[in-house]
Visitor: 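One structure, pasted below without further comment.
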Amino acid sequence: MKQRDLLYEGKAKSVYRTEKKGRLIVRFRHDITAFDGGKKDVLQDKGSYNARVSAFFFKYLEKHGVKTHFVSMLDDRTMVVRELTMIPLEVIVRNVAAGSIVRNYPFKEGTKLDPPVIVIDYKDDSRHDPMLNDDIITALKLCTQGELKKVKAVALKVNDLLAGLLAEQDITLVDFKMEFGRQGKTIYLGDEISMDSMRLWDKKTGESLDKDVYRFDKGDVMATYNRVAKRIIE
Ligand code: CDP
C-alpha cells in the first residue's frame with residue numbers, strides 16, 4: 001500500500017489517500033491534546049500505543065460481528081482503513097458517571113449507570129461539541145432515523161463487548177467515544193478506540209488508566225499508556 005497525499009489532519013491523527021480505491025492510511029501521531037486543544041503536548045510513542053490498542057479492539061469487534069473500518073496495520077502506528085463518509089457525531093456510551101455528565105448534571109462521580117447511558121454530541125470544535133438529541137440530529141440531516149437507530153444499537157453492542165473484555169483485565173470501562181461513517185448504506189465503526197477516547201479505571205485501585213492522567217496531571221502519561229496497552233493486548 002502506497003501513501004499518497006494528505007487528506008485530513010486532525011488533532012492526533014493524519015489521514016492519507018492511497019493508490020487503492022476505497023482505502024486510506026491513518027497515521028497515529030504522538031500529539032496529545034485536551035480541553036478543545038487548550039492543552040497540547042508531543043509524547044514519545046503515544047501514537048503506537050493508541051494505534052495498537054485500537055487495532056486490537058477493531059479486530060476483536062470484527063470477530064464478534066461489528067463492522068469496522070479496520071483493514072490492517074502497516075507498522076505500529078499506521079493503519080489501513082476503509083474509506084468512509086463520516087457522520088459528524090461523537091457517540092459516547094457511559095457505564096459509570098464521570099467527566100462532563102457529572103459537571104453538567106446532578107450525578108455523583110462513580111455512580112453506576114445501568115442500563116448504560118448513550119450521549120451524542122455534535123462533532124464541531126468551534127461549537128465545543130454541543131450535545132444533540134434525536135430531533136436535532138435528523139433536522140440537521142446528520143443521518144437518517146434508521147441510521148441513528150443502527151448507530152445506537154452498534155454502540156451498545158460495542159460497549160458490551162469491550163466492557164466484558166476489559167473486565168477480564170480488572171479494568172472498568174467507565175465511558176468511551178465512538179465515531180461512525182457510511183459506505184453506501186452500510187454503517188461502519190470508524191476513528192479509533194484507545195486510551196485517548198476511553199475512560200478506564202483500575203477495578204482494584206480506582207486509578208485512572210487513560211487520558212485523564214494527562215488532562216489532570218495525575219502522573220506519567222506514557223508509563224500509564226504503556227502499562228494499559230500491555231494489559232489489554234497481551
Ligand atoms: O472528557 P470530558 O469530561 O470533557 O468529556 P466527556 O463527555 O465526559 O467524555 C466522555 C468520554 O468520551 C471520555 O472517555 C472521553 O475521553 C471521550 N471523548 C473523546 O474521546 N473525544 C471527545 N471529543 C469527547 C469525549
Side-chain angles (χ1 to χ4, degrees), residues 8-13 15 26 28-29 31-41 43 46-47 49-51 53-54 57-58 68-69 86-113 116-133 137 142 151-152 154-156 158-159 161-163 165-167 171-181 189-203 206-219 221 224-225 228-229 232:
Y8 172 80
E9 194 157 53
K11 291 198 284 280
K13 300 191 292 298
V15 182
V26 177
F28 288 68
R29 303 197 314 272
D31 303 82
I32 187 164
T33 71
F35 310 119
D36 273 344
K39 182 173 179 180
K40 276 189 217 173
D41 282 282
L43 300 176
K46 185 232 160 199
Y49 296 130
N50 280 358
V53 167
S54 280
F57 284 146
F58 283 143
T68 81
H69 70 159
M86 293 305 290
I87 304 171
L89 301 177
E90 303 207 331
V91 181
I92 296 163
V93 182
R94 301 175 175 278
N95 297 301
V96 177
S100 65
I101 203 171
V102 171
R103 290 196 302 274
N104 299 332
Y105 303 91
F107 286 108
K108 200 168 161 282
E109 181 169 82
T111 306
K112 193 166 166 45
L113 303 170
V117 172
I118 300 181
V119 172
I120 304 186
D121 292 344
Y122 184 33
K123 189 175 163 71
D124 185 338
D125 277 345
S126 71
R127 294 187 165 81
H128 310 290
D129 303 337
M131 191 192 288
L132 297 168
N133 68 26
I137 292 171
L142 302 178
V151 159
K152 288 185 187 176
V154 177
L156 290 177
V158 171
N159 180 56
L161 287 165
L162 297 189
L165 187 68
L166 289 160
I171 296 171
T172 303
L173 177 57
V174 173
D175 55 41
F176 70 113
K177 186 256 315 180
M178 282 161 279
E179 294 181 25
F180 293 86
L189 175 61
D191 194 50
E192 70 181 292
I193 301 184
S194 71
M195 287 73 83
D196 276 12
S197 62
M198 295 185 284
R199 207 170 253 122
L200 304 173
W201 290 351
D202 188 296
K203 265 194 207 299
E207 143 194 39
S208 285
L209 305 172
D210 57 65
K211 196 155 97 174
D212 274 353
V213 178
Y214 174 71
R215 288 190 188 97
F216 305 114
D217 300 315
K218 291 180 174 200
V221 184
T224 303
Y225 276 38
V228 179
I232 294 173

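Order of listing sets the numbers, starting from 1, for every ligand and every atom in it. The figures here come from the full heavy-atom set of this structure, side chains too, leaving out hydrogens, waters and symmetry mates.
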Visitor: Answer yes when D217 and K39 have at least one side-chain N-carboxylate O distance shorter than 4.0 Å, and no when they do not.
Guide: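 Counted as a salt bridge, because a side-chain N and a carboxylate O are separated by less than 4.0 Å.
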
Visitor: At a 4.0 angstrom heavy-atom cut-off, what protein residues surround ligand 1?
Guide: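 Around ligand 1, where the cutoff is 4.0 Å for heavy atoms, the contacting residues are E90, I92, R94, A98, G99, S100, R103, D129, D175, K177, D196, S197, M198, R199, R215.
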
Visitor: Taking the side chain as every heavy atom from C-beta outward, state whether L165 and F57 have any atom pair closer than 4.5 Å.
Guide: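 Side chain of L165 against side chain of F57, heavy atoms only: contact under 4.5 Å found.
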
Visitor: Does the distance from a Lys or Arg side-chain N to an Asp or Glu carboxylate O, for R199 and D175, drop under 4.0 Å?
Guide: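 Judged by the 4.0 Å cut-off on N to carboxylate O distance, R199 and D175 do form a salt bridge.
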
Visitor: Against V93, only a single residue in N159, V119, L162 fulfils side-chain contact (heavy atoms from CB on, under 4.5 Å); can you say which?
Guide: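 Among N159, V119, L162, the one that satisfies the side-chain contact (heavy atoms from CB on, under 4.5 Å) with V93 is N159.
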
Visitor: Output yes when K177 and D121 qualify as a salt bridge under the 4.0 Å nitrogen-oxygen rule, no when they do not.
Guide: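 Result for this pair is no, no salt bridge flagged.
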
Visitor: Check whether any side-chain heavy atom of L173 sits under 4.5 Å from a side-chain heavy atom of M198, and report yes or no.
Guide: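 Side chain of L173 against side chain of M198, heavy atoms only: contact under 4.5 Å found.
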
